[in-house]
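One structure is given below, encoded as structure tokens.
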Amino acid sequence: MKIFSIITKIFRDTLYSVGLMNEADNQQTKYNPQLLESKWQEFWEKNQVFRAKPSADQEKYYVLVMFPYPSGRIHMGHVRNYAIGDLIARYQRLQNKNVLNPIGWDAFGMPAENAAIQQKSHPAKWTYENIDAMRDELKTMGLSYDWKRELATCDPDYAKWEQALFLKLYHKDLVYRKKALVNWDPVDNTVLANEQVIDGKGWRSGAAVVRKELSQWFFKITDYADELLRGLEALPGWPDTVKTMQTNWIGKSHGVEFSFKIVGQDTGMAVYTTRPDTIMGVTFCSVAAEHPLAKQIAADNPDAQRFIEDCQSTGTSEEALEKLEKKGFDTGLIAIHPFSGEEIPVFIANFVLMSYGTGAVMAVPAHDQRDFEFAKTYNISIKVVIQPDGEQLDGGLMTEAYTGPGKLINSGEFDGIDNETAKKMVAEAFEEKKIGKATINYRLRDWGISRQRYWGNPIPMISCPACGVVPVPFNQLPVSLPEDVQLTGTENPLVTHPTWKQCVCHKCGGEAERETDTMDTFMESSWYFLRYCCPDENSAPLNQEEVNHWMPVDQYVGGIEHAVLHLLYARFFHKALRDIGEVKCDEPFLNLLTQGMVRKDTLNCPQHGWLYPDEVAESDGKFSCVKCNAEVSVGRNEKMSKSKNNVIDPNDLIAGYGADTARIFMLFAAPPDQDLEWNESGVDGAWRFLNRLWRMVQDIQERHGDSSPASKTPNDASLKKLRAKTHETIDRVTRDMERQQFNTGIAAVMELVNAGIKQLAAKENREDTEVGEVLMELAQTAVILLSPYAPHITEELWQILGNSDHLGMQRWPRLDKDALVKDEITVVVQINGKLRSRLTLPAESSKEDQEKAALADPKIVANLESVTVRKIIVIPGRLVNIVAK
RNA sequence: GCGGGUGUGGUGAAAUUGGUAUACACGCUGGUCUUAGGAACCAGUGGCUUACGCCGUGGAAGUUCGAGUCUUCUCACCCGCACCA
């Protein structure tokens with residue numbers, strides 16, 4: 001960025017604003033975004049223009065942007081997200097909708113703890129200071145939020161109602177406790193989040209992380225797996241990519257669960273398979289290292305014990321799993337094939353997951369690639385039972401498993417049946433024999449919400465030596481975090497605090513202990529959009545009347561990175577709340593817009609690493625490091641990130657050019673769902689456009705300020721065209737808004753402004769009243785159409801145009817279809833699909849007229865001299881294609 | 001490996017859904033003007049060709065009077081998921 005020129009500008013603007021410079025030489029006021037943006041921001045706030053109140057007279061429209069984590073500064077991703085959300089909010093208001101557009105803070109989370117450790121202060125202090133700073137930053141963007149509904153999830157009030165919801169779901173039997181594995185740092189004595197584990201070591205201590213079992217709280221999201229899956233079908237307003245990702249995440253599969261008898265054991269071994277049709281091809285079985293049978297064998301077999309430990313140690317570094325060799329350990333156990341009675345060896349295998357299905361599988365090497373590789377390694381026979389059409393598979397010669405369709409062979413009574421039919425028949429056979437049944441399995445697991453962290457919402461449970469686990473009664477909420485703590489990064493202060501966890505069991509009155517875990521921060525984001533509807537409700541988590549008035553969210557806008565977790569948890573939580581009567585609708589977010597990332601070139605010096613743009617000198621298209629003169633490599637466009645020094649601070653942009661320029665740039669550079677490449681000259685382009693608009697409106701006001709906007713088609717042909725352009729633009733921008741292609745909407749207004757400027761420059765008819773009327777209509781239209789994109793400049797221009805009200809009182813321009821009627825049409829003439837000529841014909845000319853005119857055109861006549869016309873295709877008003885040979 | 005997406009000028013991107021490819025903007029070239037500004041304005045700008053023209057939407061084929069758009073294959077890049085039985 002041209003820092004110097006921005007500074008000069010800020011300096012000059014300051015001089016203007018304090019009156020040390022005057023603009024006597026300028027007839028017109030210059031466009032001064034700093035002055036007029038703060039002026040309008042104050043106006044909106046003072047007049048509570050964006051206050052949302054339920055209304056029976058207007059249709060409601062709920063716009064939601066993903067609330068930010070208060071990290072301290074806004075970044076370009078926020079600017080883009082909120083520019084899009086605000087554009088939609090303002091557009092819907094102009095469409096006479098009653099718009100709810102709230103904002104808040106996702107305020108619990110680890111960065112606050114880290115900052116507190118570093119600065120030896122308290123997370124709350126850091127968080128609330130950041131919120132104050134970021135609120136100021138957001139306000140400079142001129143976003144049309146109802147700030148009265150602002151909330152922070154760490155507010156005691158929000159935390160209290162969240163605990164209440166947790167308890168309500170607990171009483172509905174949707175919450176339970178079980179043991180689960182966590183990453184444990186044995187040096188820091190703390191649990192680590194996955195992102196704190198780097199190469200299997202704790203990020204702070206560097207100690208090898210071990211997996212430890214702790215009792216943790218879970219939500220029964222799997223109870224809703226099927227509804228969450230089916231619900232996606234009712235969401236046509238969601239991008240397919242997100243729906244596909246959620247579908248895969250839920251991972252529904254149909255199969256059969258049945259039991260193998262194990263020789264010498266009373267209990268069988270349950271397995272799950274989606275390929276019952278291959279049952280006769282089973283030549284071995286595998287179980288996970290954590291499977292009870294594996295543990296049983298390991299109890300008196302040190303080799304098995306060692307193998308199991310090996311399996312578990314490789315589990316930590318997930319990347320290494322990728323090409324992990326298939327390994328197994330023969331347990332010596334023998335399973336009995338349920339149909340053939342054959343004896344089948346049972347292995348412990350490193351690729352079988354305890355967490356999916358039953359943790360044990362039947363292995364069919366001929367028709368499963370993993371089993372195939374395993375069988376090759378351990379010399380187990382490969383028995384083909386599915387024969388594809390026109391091919392003879394031979395187990396001994398196969399180089400990979402065959403997983404396609406075919407007919408059954410070597411399968412006794414099922415021989416000759418196609419495998420899809422066989423799946424059902426085998427499943428039925430299992431049910432008849434009463435050893436198995438058709439089962440549906442999901443990849444989705446229950447949602448573990450326990451976090452062994454201080455800066456989160458406490459789980460309102462106590463554990464009593466006499467009564468066991470006891471929920472905290474509603475009237476004792478909230479369970480608040482102790483304030484007198486010092487975060488060290490080693491132990492959880494909730495555990496080590498001298499008194500906090502001591503409490504009294506309300507059941508027996510005896511001494512008890514509080515749960516020291518806090519809730520996953522995805523909890524807060526699972527219902528903030530509901531609390532926005534009734535932020536002042538002080539007797540319950542939600543006010544159903546208000547919630548049901550505003551819900552569902554009509555348009556949700558946010559980053560694609562939340563496609564699965566946040567959006568799935570929120571959908572689940574909402575459905576669970578529906579089932580306890582807190583909300584009515586089934587799905588919380590009707591339409592979803594996922595915006596792309598903001599990216600920028602990265603610059604890398606071989607000696608000095610990632611460089612800032614001003615550490616790089618350019619000559620002849622080559623870049624060099626200003627410190628060592630070495631050549632700098634320009635990396636791929638990457639997401640803006642502090643570690644790569646390619647971050648542009650939105651504050652600089654807004655301070656230099658104003659929020660309107662920043663918003664126009666963001667919205668113009670690319671469609672919202674696409675990644676956006678940061679580009680300075682694009683910002684200049686947006687700035688220049690707003691200046692062109694500014695001058696045009698001023699010129700029109702100066703010259704035609706007395707004119708009222710045209711309301712009917714003018715007689716003059718060129719004016720008629722200009723008015724048609726105005727109404728074409730209304731049509732285009734409206735359509736672009738509806739299909740959320742905001743970049744082309746701006747392009748359309750740019751064209752209109754260019755046309756207006758051209759008319760102003762024309763020498764003839766400058767004083768004509770008709771010219772004035774058409775131009776006045778053009779100016780007013782351009783201003784309103786652009787106001788959702790650039791709200792400040794358009795408010796100011798609306799006033800300059802002599803209007804006393806503000807744009808909040810306006811409606812979206814109405815399309816006059818008569819204005820679009822054209823006198824002339826352009827018809828393209830092709831010969832064999834190749835463009836040969838263009839004709840301008842009267843609009844009312846018939847199909848036949850167009851064909852005749854095409855054949856009479858001199859260029860066409862010349863081209864048809866040596867060929868015969870075979871066929872003529874006429875698309876009226878569009879083209880004539882002459883097929884000739 | 002599986003699933004999804006994207007490939008169009010020097011650049012960001014358009015294309016009314018099968019009908020004039022490159023709107024709008026950036027950049028660049030030339031010019032005008034002025035109180036040198038982050039100017040503004042005018043003209044030009046896909047490639048090849050002196051021209052008539054020819055070629056051109058990652059590549060190859062196909063359907064069609066006509067394909068950036070539909071079909072098949074293929075290449076490249078990006079994003080998810082990843083031993084899910």
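Chain letters run A, B, ... following the sequence lines, proteins first and then strands; every chain starts at 1.
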Report the nucleotide, chosen from B/rA14, B/rC54, B/rC83, that has the shortest atom-to-atom distance to any side-chain atom of A/Arg836.
B/rC54
Does A/His337 reach the main-chain N or O of A/Ile344 with its side chain, forming a donor-acceptor pair under 3.5 Å?
no
Quick check for you: among B/rC65, B/rA85, B/rC24, whose closest atom lies nearest to any side-chain atom of A/Met750?
B/rC24
When the C1' atoms of B/rG7 and B/rU57 are compared, how many Å lie between them, rounded to an integer?
9 Å
Measuring from the side chain of A/Arg688 (C-beta onward, heavy atoms only), which nucleotide among B/rC54, B/rC26, B/rA14 has the closest atom?
B/rC26
Under a 90° cut-off about 0 for the syn range, is B/rU17 syn or anti?
syn
By the rule that syn is within 90° of 0, classify the base conformation of B/rG68 as syn or anti.
anti
Starting the side chain at C-beta, find the nucleotide from B/rA21, B/rA14, B/rA25 nearest to A/Phe668.
B/rA25
Give a yes or no on whether a donor-acceptor pair under 3.5 Å exists between the nucleobase atoms of B/rA85, that is its base, and the side chain of A/Arg370.
yes
Is A/Glu420 salt-bridged to A/Lys423, going by a charged N under 4.0 Å from an acidic O?
yes
Between B/rG66, B/rG27, B/rU17, which nucleotide has the shortest distance from any of its atoms to the side chain of A/Arg739?
B/rU17
RNA chain B: A/Gly357 or A/Asn248, which has the more 5' nearest nucleotide?
A/Asn248
Mind checking whether A/Phe284 and A/Tyr378 have ring centres under 6.0 Å apart?
no
Kindly point out which of B/rC84, B/rA15, B/rC55 is positioned nearest to the side chain of A/Arg443?
B/rC84
Check whether any side-chain nitrogen or oxygen of A/Tyr356 sits under 4.0 Å from OP1 or OP2 of B/rA85, and answer yes or no.
yes
Distance between P atoms of B/rA85 and B/rU8 (Å, rounded)
37 Å
Report the nucleotide, chosen from B/rA13, B/rG4, B/rC65, that has the shortest atom-to-atom distance to any side-chain atom of A/Thr244.
B/rG4
Identity of whatever pairs with B/rC41 - Watson-Crick or G-U, under 3.5 angstrom:
B/rG31
How do A/Ala686 and A/Trp249 order along RNA chain B: which one's closest nucleotide is nearer the 5' end?
A/Ala686
